[in-house]
Amino acid sequence: LASSASNFGLGLNWKLPLTAFTGSFRPAVTQAGLAANTVGQQGVEVSPLNMALMAAGVDDGTWHPPVLVTSPPDPGLRPRAVAGAQTVGALRQLMRAVVTNGAAKSANLPGAPVSGQVGTAQVTPGSKWWAHWFVGYRGGVAFAVLQLTKGPSGSAVPLGRSFLAGLGG
């Protein structure tokens with residue numbers, strides 16, 4: 001799991017010319033902790049940029065370092081495979097199914113297919129704030145939408161749908 005997190009760029013030094021949280025992964029020491037890690041809880045911390053890069057990696061099969069449109073890519077990091085072809089293919093199918101038949105069905109817009117994943121997590125244990133996210137890709141554009149609320153009910157999918165509709169298909 002730690003190796004997969006690294007393959008998707010989690011915790012790498014991106015060397016962007018601005019401050020950006022590159023995420024972190026703290027391996028679990030118990031079976032319950034491992035289960036929590038696998039769904040992005042406990043020892044996993046990410047930013048919307050991390051999640052968009054992960055979605056782009058699934059779309060392309062290769063992780064690419066983030067770049068600013070106005071600057072060249074960091075020469076220290078190179079694109080690399082995020083996982084084997086079978087794993088990437090399975091992730092693509094799962095992410096597409098979330099939009100065609102799952103929690104992000106309202107983002108199944110006409111035109112280029114939308115693929116994504118949704119989730120909800122308490123910002124920190126005991127916090128009154130909850131993070132609702134929707135990440136994915138469509139037509140060569142990876143996205144991550146984050147919405148904070150004061151409760152566990154909610155979804156970032158409507159906001160993501162609005163963003164995607166604005167891009168056109």
Side-chain angles (χ1 to χ4, degrees), residues 1-69 71-104 107 113-125 127 130-148 156-157 160:
L1 200 55
S3 176
S4 291
S6 177
N7 286 347
F8 278 98
L10 201 61
L12 296 182
N13 183 4
W14 298 337
K15 299 179 185 173
L16 287 172
L18 55 99
T19 302
F21 179 63
T22 65
S24 66
F25 179 85
R26 200 173 53 250
V29 294
T30 66
Q31 292 291 62
L34 177 61
N37 277 171
T38 64
V39 294
Q41 299 288 316
Q42 197 167 321
V44 180
E45 294 179 325
V46 296
S47 68
L49 179 56
N50 286 114
M51 296 306 291
L53 290 169
M54 289 178 191
V58 171
D59 182 25
D60 187 62
T62 306
W63 180 84
H64 295 271
V67 296
L68 292 179
V69 174
S71 70
D74 172 20
L77 295 174
R78 300 281 182 243
R80 62 171 185 246
V82 294
Q86 187 175 2
T87 300
V88 171
L91 287 170
R92 288 178 183 147
Q93 288 177 359
L94 291 167
M95 290 176 75
R96 181 67 182 134
V98 168
V99 178
T100 58
N101 300 309
V114 177
S115 296
Q117 181 58 283
V118 300
T120 297
Q122 203 168 19
V123 173
T124 57
S127 171
W130 290 76
H132 307 278
W133 50 268
F134 176 35
V135 302
Y137 57 90
R138 180 186 199 199
V141 174
F143 63 89
V145 178
L146 175 67
Q147 184 174 25
L148 297 175
V157 174

Q.
Between Ser127 and Gln122, is the side chain to side chain donor-acceptor pair (under 3.5 Å) condition met? List the steps.
A. CA-CA 7 Å; Ser127 171; Gln122 203 168 19; 5.6 Å; no
Q. Looking only at heavy atoms, what is the nearest atom pair of Ala103 and Val118, with distance?
A. CB-CG2, 3.4 Å
Q: Mind checking the CD-OG1 spacing from Gln147 to Thr120? Nearest 0.5 Å is all I need.
A: 9.5 Å
Q.
With rounding to the nearest 0.5 angstrom, report the CD to OG1 distance, Gln93 to Thr100.
A. 10.5 Å
Q: Output the distance between atom OG1 (Thr22) and atom CG (Leu53), rounded to the nearest 0.5 Å.
A: 10.5 Å
Q: Grab the two heavy atoms, one from Gly9 and one from Trp14, that are nearest each other, plus how far apart they are.
A: O-NE1, 3.5 Å
Q.
Rounded to the nearest 0.5 Å, what separates atom CG in Leu12 from atom CZ in Phe8?
A. 12.5 Å
Q | Donor on one side chain, acceptor on other, Asn7 and Ser4, under 3.5 Å | A | no
Q | Value rounded to 0.5 Å, distance of OG1 in Thr30 from CG in Asn37 | A | 8.5 Å
(Q) To the nearest 0.5 Å, what is the distance between CG on Leu146 and CG on Leu148? (A) 5.0 Å
Q. Got Phe21 and Val46 here, is their nearest side-chain heavy-atom distance under 4.5 Å?
A. no
Q.
Test of understanding: with ring-ring contact (aromatic ring centres under 6.0 Å, His included), list the residues that count as partners of Phe25, not counting sequence neighbours.
A. none
Q) What is the minimum heavy-atom distance between Ala144 and Pro48, and which atoms define it? A) CB-O, 3.0 Å
Q | Whether Thr38 side chain and Ala35 backbone form a donor-acceptor pair below 3.5 Å | A | yes
Q. Under 4.5 Å between any side-chain heavy atoms of Val157 and His132, yes or no?
A. no
Q: For side-chain contact (heavy atoms from CB on, under 4.5 Å), just list the numbers for Phe143 and Met51, CA-CA rounded to whole Å, side-chain angles, deciding distance to a tenth of an Å, and then say yes or no.
A: CA-CA 8 Å; Phe143 63 89; Met51 296 306 291; over 6 Å; no
Q | Worked verdict on Val82 versus Val58 for side-chain contact (heavy atoms from CB on, under 4.5 Å) | A | CA-CA 7 Å; Val82 294; Val58 171; 5.6 Å; no
Q: Find out whether Asn50 and Leu10 are in side-chain contact, i.e. whether some heavy atom of one side chain is under 4.5 Å from a heavy atom of the other.
A: yes
(Q) Counting C-beta onward and ignoring hydrogens, is there a side-chain heavy-atom pair between Tyr137 and Arg92 closer than 4.5 Å? (A) yes
Q | Heavy-atom donor-acceptor pair, Arg96 side chain to Val114 backbone, under 3.5 Å | A | yes
Q: Return the minimal non-hydrogen interatomic distance between Met95 and Gly136, and the atom names on each side.
A: CE-CA, 4.1 Å
Q.
Quick check: closest heavy atoms across Ala28 and Gly33, and the distance to 0.1 Å?
A. CB-C, 3.1 Å
Q) Of the non-hydrogen atoms in Ala83 and Val88, which two are nearest, and what is the gap between them? A) O-CG2, 3.7 Å
Q. Passes side-chain contact (heavy atoms from CB on, under 4.5 Å), Arg138 versus Val141? Steps please.
A. CA-CA 5 Å; Arg138 180 186 199 199; Val141 174; 5.6 Å; no
